[in-house]
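Here's the structure we're looking at; comments come further down.
The figures here come from the full heavy-atom set of this structure, side chains too, leaving out hydrogens, waters and symmetry mates.
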Number of protein chains: 2
Amino acid sequence: MKFPLPPVQTDAHAERCPVRDVLDCIGDRWSLLTLAALSNGTLRFTRLKHAIGDISARMLAQTLRVLERDGYVLRQVYPTIPPKVEYTLTALGRSLLVKIIPLIEWAGKNHPRIRKARKTYVPPAANPAL
Amino acid sequence: MKFPLPPVQTDAHAERCPVRDVLDCIGDRWSLLTLAALSNGTLRFTRLKHAIGDISARMLAQTLRVLERDGYVLRQVYPTIPPKVEYTLTALGRSLLVKIIPLIEWAGKNHPRIRKARKTYVPPAANPAL
DNA sequence: CCGTATCCTGTTCGATACTG
DNA sequence: CAGTATCGAACAGGATACGG
């Protein structure tokens, strides 16, 4: 692997702030989307890639390694030709997803509000008060 | 600002995938932690910085601009000397936080499991099956 | 099919110094 | 106090080519 898995925090630091330790790993660009794509069941690599849409093979592989390492995803290899690799959420992964789904639903519902806020936003630099 | 706000997706793209549009903005390294730090009420810049702990002033300012732009956080300036700036969650920000708190609690509870998974993980490259 | 190796570009972000 | 400007290192991540 020339994309070494992202370094994990030291034990001491992670112990003091578990949230940070977890969010550092799954709070990146692809992890949540990958977990969500696996929510409907087992998927093979290419299917998973298409389900996410615009992820590159490189990033998908890397993301899956981390999710696998942390115990969210199970990787099952069938040494056939051509090879077949299946990815499935573990119990841990599903329990995490349960907490994430409300967030995704919230995003869908409140998106218009956010778009509107963006349109009316004036950056502080343009504000004569400061 | 020499750290221009992260570009927002085109209208067409954001329309098709609101989740991505939202997660691209709040799924970064600091946004969730910043929102969480504001959950107990209004905070001034320096207090907020200390509450988060290891964020730099640069990143805190940048993160707050995005949160402000998207309508999660209200920025209130008191043109006194020395200046005083207060940050408060908006109703939108609080409603988002409600969805995030379970995630944070989950992280705290399941952290040991994750740590354990990491210790026993063997990367695929070392696996002779592939 | 399921990746990895290499290359390369843009972005991120901390450190430092500075200002009203 | 509440930031901004600038620099530079590290990282993210796409494109491409290739391999079992």
Can you list every pair that meets salt bridge (charged side-chain N to carboxylate O under 4.0 Å, His left out) and has a residue in residues 79-97 of chain B, with sequence neighbours left out?
K84(B)-E86(B)
To the nearest Å, give me how far apart CG (D28(A)) and P (dG13(D)) are.
6 Å
Can you build the contact string for nucleotides 15-20 of chain C? Use B for base contact, S for sugar-phosphate-only contact, and - for no protein heavy atom under 4.0 Å.
B----B
Calculate, to the nearest 0.5 Å, the distance between atoms OG1 and CZ belonging to T120(B) and R115(B) respectively.
13.0 Å
Report, one line per pair, each donor and acceptor closer than 3.5 Å where one atom sits in a side chain of residues 45-52 of chain A; sequence neighbours left out.
residue, atom, partner, partner atom, Å
K49(A), NZ, I55(A), O, 3.3
H50(A), ND1, T46(A), O, 3.3

Taking I26(B) as the starting point, is it possible to reach I101(A) by hopping between hydrophobic residues whose side chains are less than 4.5 Å apart?
yes
Taking five pairs at each end, how big is the angle between the two axes of the helix from dC1(C)-dG20(D) to dG20(C)-dC1(D), to 10°?
50°
Which of dC2(C), dT4(D), dA2(D) is nearest the side chain of V85(A)? It is dC2(C)
Rounded to whole Å, the CD1-P distance (I52(B) to dC13(C)) equals 13 Å
Please check the phosphate of dG3(C) (OP1 and OP2 only) for any side-chain N or O of Y87(A) closer than 4.0 Å.
yes
Distance in angstrom units between I55(A) CD1 and dG3(C) C1', rounded
13 Å
Nearest listed nucleotide, side chain of R29(B), among dG14(C), dT4(D), dG3(C)
dG14(C)
I need the NZ-P distance between K49(A) and dG13(D), as an integer number of Å.
15 Å
To the nearest Å, how far apart are Q62(A) CD and dG13(D) P?
8 Å
Are any side-chain N or O atoms of N110(B) and backbone N or O atoms of R113(B), one a donor and one an acceptor, separated by less than 3.5 Å?
no
Under 4.0 Å, heavy atom to any atom of DNA chain C: which of residues 32-48 of chain B qualify?
none
If you compare all heavy atoms of P83(B) against all heavy atoms of R44(B), which two are closest, and at what distance to 0.1 Å?
O-NH2, 3.4 Å
On a heavy-atom basis, which atom in G108(A) and which in P112(A) lie closest, and how many Å separate them?
O-CD, 4.2 Å
Enumerate donor-acceptor pairs with a distance under 3.5 Å from any side-chain N or O in residues 33-40 of chain A to protein atoms, sequence neighbours excluded.
residue, atom, partner, partner atom, Å
T34(A), OG1, W30(A), O, 2.7
S39(A), OG, A36(A), O, 2.6

I need the D70(A) CG to L92(A) CG distance, nearest 0.5 Å.
8.5 Å
Hydrophobic cluster identity match, L74(A) and V66(A), side-chain contacts under 4.5 Å:
no
Starting from P on dT12(C), measure out to CG on L60(B) and report it in whole angstrom.
17 Å
Which pair of heavy atoms, one from D28(B) and one from C25(B), lies closest together, and at what distance?
OD1-O, 3.4 Å
Rounded to whole Å, the CG-P distance (D54(B) to dG14(C)) equals 8 Å
To the nearest Å, how far apart are D24(B) CG and dT12(C) P?
11 Å
